[in-house]
Every structure is written in C-alpha cells, then in structure tokens.
2 protein chains.
Amino acid sequence: MEPGSPDHEWREDCAPRRVLEIFSSKWTSMILHVLQSRLGGTARTGVLLRSLPGISKKMLTQTLRDMEASGLVSRHVHGTVPPAVDYSLTPLGRRFVEPIELLYGWARDNADALDALAVRPKG
Amino acid sequence: MEPGSPDHEWREDCAPRRVLEIFSSKWTSMILHVLQSRLGGTARTGVLLRSLPGISKKMLTQTLRDMEASGLVSRHVHGTVPPAVDYSLTPLGRRFVEPIELLYGWARDNADALDALAVRPKG
DNA sequence: CTGAATCCGTTTTGATACTG
DNA sequence: CAGTATCAAAACGGATTCAG
C-alpha cells in the first residue's frame, strides 16, 4: 500500500475541532452543565462559584464573559443592593449541553477506565 | 427554599473532570482518533504529523510522550535505518476512543450550531 | 527519518487583595 | 454579592539546533 496520502485531512476549522475548543477551556463545559441542571437554565454567580470546587472568582467571571461573547449564555443584572447577577443558557447554549451530557454520562459509566489512567489530576 | 446547599458537589477528582483533562490537551483526542482510524490502531510519526494539519513535530512528540505515560498509547522503535517509530493504541486507549467518536459524531451532525458560535477559532 | 533539547514569547490559569 | 487589579505560575507552541 502506498501510505503517502494524508486521507485524514482534518482542516483546522472542521466541526470536531470547533467543539474541542469549548472543552479546551477548562471551565466552560462545567458551567454549561451546572446551568443546565437548574430550573430555567439560570444561576447566580454565587451558586456557580459554590457548585464548582476549585474555580476562582476571577476565572468564573472571565469564563462567563467569554461565553457571553460566544453567545452561549446571557447575563442579567438586577439593580438591587446588594448586587445580584444571574446567567442563563441561551438557545445556542442549550444545544451545546447535549454533547456535554453525552461526555459526562460516558465518564460516569466508565469510572473504572479513568482509575486506570496513569496520570493523576495535576498534583 | 433554602438555597444554601451546593448540591452539585463536583469533587476535583470526579470522573467527568478526569475525562475533561483528556480533551483539554489540544491534540490528545485527535491523535487517539487518527490511531483508531488506522488498521491495528497503529501509525508512524510521519503519518500522524501529516494527518493533523497545524501540529508541530515538537507538540506531537511531547503529546505522545504524555499519552504513553498515561497508558493511552505504546511506542515501538524499529531498529532500522532510517529509523522507524510507530505508536499503537493500548487497550486503555481503545476505551477512550469511544467518547471521542461520540463527541466528534455530534460535532459533524451539528455543524450549524458551531457556525452560530460567535467566536472564531483563534485567528 | 525520528526526535531530543534548547531558547523564547504567548496564552491560560490561578491566588490574593481590593472596590462598589 | 459581584467584579476588578495585580502578580505569579503553568501550559502552549514556534524556531532552531543537535544526534542516532
């Protein structure tokens, strides 16, 4: 066989690679998941913060800003004291919940394979 | 309702987060995919390089080293001239191909949602 | 051909303290 | 409570050089 031809021409802007970009942002998919688990797909900042052990306030805000710019969530500010802000899934955001739940579902069903992974989470 | 309890206690070492680590490495899942598409789950360095437009030799080698340490691939050196090295999926690696194909399949079926994403790939 | 080892700059992530 | 500023560390990634 002539192995010369790169048949797996994965263009840099192909669909799978675009999806990967969502998962390559450390917190984006987890935020979408938490929002999805809430009635109305909405949660306040503090809820998100407490639902994601390990995230810092800065990364949460930063990631939410990026997600808003991408059209995945919408931001709602209530003019109250003390301040209250909540974030909701947009219709686009709701679509991306699907592959995320698919992936997380596989993970829960295959925890044993993950235990076999020789690499521990960072530490 | 008392909203005080963080019911979505996502421990930092839970299964979904462990899977995310694979996808948060830019090339890991793509390498697994290319290997899976080959008979025997094996490919030589040059094939991988040509199959993944945009990857550099350095990142390929580095990622493959990490994957070997994680137990996802095995490295085989042929004592020939010129040198020949190929990489194969381990049984563990084959398991992780499943969620990857799941995700890529969703991406291919939902390219329209990806087009709607306001954020373009980097450039 | 494979791939290790530099140097270097960019991007991402994160801890901490601070403002309204 | 929500968000910002600052500083630091880590990951990422290209270019180059060297070796088997």
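Throughout, protein chains are lettered first and strands after them, A, B, ... in sequence-line order, and every chain is numbered starting at 1.
- Distance alone, capped at 3.5 Å, places no donor-acceptor pair between the B/Thr90 side chain and the B/Ser74 backbone.
- When the side-chain nitrogen and oxygen atoms of A/Arg44 are compared with OP1 and OP2 of D/dG3, none of them lie within a distance under 4.0 Å.
- Taking all atoms of both residues into account, the shortest heavy-atom contact from A/Asp86 to A/His78 is OD2-NE2, 2.8 Å.
- Close placement of the A/Tyr104 and A/His33 rings is indicated, their centers lying within 6.0 Å of each other.
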Letter per nucleotide, 5' to 3', of nucleotides 13-20 of chain C [B base touched, S only sugar-phosphate touched, - untouched; heavy atoms, 4.0 Å]: BBB----B

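- Residue A/His78 contributes atom NE2, which lies 11 Å from atom P of D/dG3 at whole-angstrom precision.
- Checking B/Leu92, B/Ile22, B/Val19 one by one against A/Leu114, the side-chain contact (heavy atoms from CB on, under 4.5 Å) holds for a single residue, B/Val19.
- Contact check, A/Arg75 against D/dG3: a side-chain N or O comes under 4.0 Å of OP1 or OP2.
- Between A/Leu49 atom CG and D/dC1 atom P the separation is 10 Å, expressed in whole Å.
- For A/Trp106, the ring pair (Phe, Tyr, Trp, His ring centres under 6.0 Å) test picks out B/Phe96, with sequence neighbours left out.
- Atom CD in A/Glu21 sits about 11 Å away from atom P in C/dT12, given to the nearest Å.
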Would you tabulate the side-chain donor-acceptor contacts of residues 52-63 of chain A under 3.5 Å, counting partners in other chains and residues two or more places apart, or write 'none'?
from    : atom 1 : to      : atom 2 : distance (Å)
A/Ser56 : OG     : A/Met59 : N      : 3.2
A/Thr61 : OG1    : A/Lys57 : O      : 3.1
A/Thr63 : OG1    : A/Met59 : O      : 2.6

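- Rounded to an integer number of Å, the gap from CZ of A/Phe23 to C1' of C/dT12 is 19 Å.
- Atoms CG (B/Leu60) and P (C/dA5) sit 16 Å apart, rounded to a whole Å.
- The interatomic distance linking B/Leu52 (CG) with D/dG13 (P) rounds to 12 Å, in whole Å.
- The NE2-C1' distance, from A/His76 to D/dG3, rounds to 18 Å in whole Å.
- Put simply, the side chain of A/Ser70 never gets that close to the backbone of A/Leu72: no donor and acceptor are under 3.5 Å apart.
- In this model, the phosphate group of C/dT2 is not approached by any side-chain N or O of B/Tyr87 to a distance below 4.0 Å at OP1 or OP2.
- An OP1 or OP2 oxygen of D/dT4 is reached within less than 4.0 angstrom by no side-chain nitrogen or oxygen of A/Thr61.
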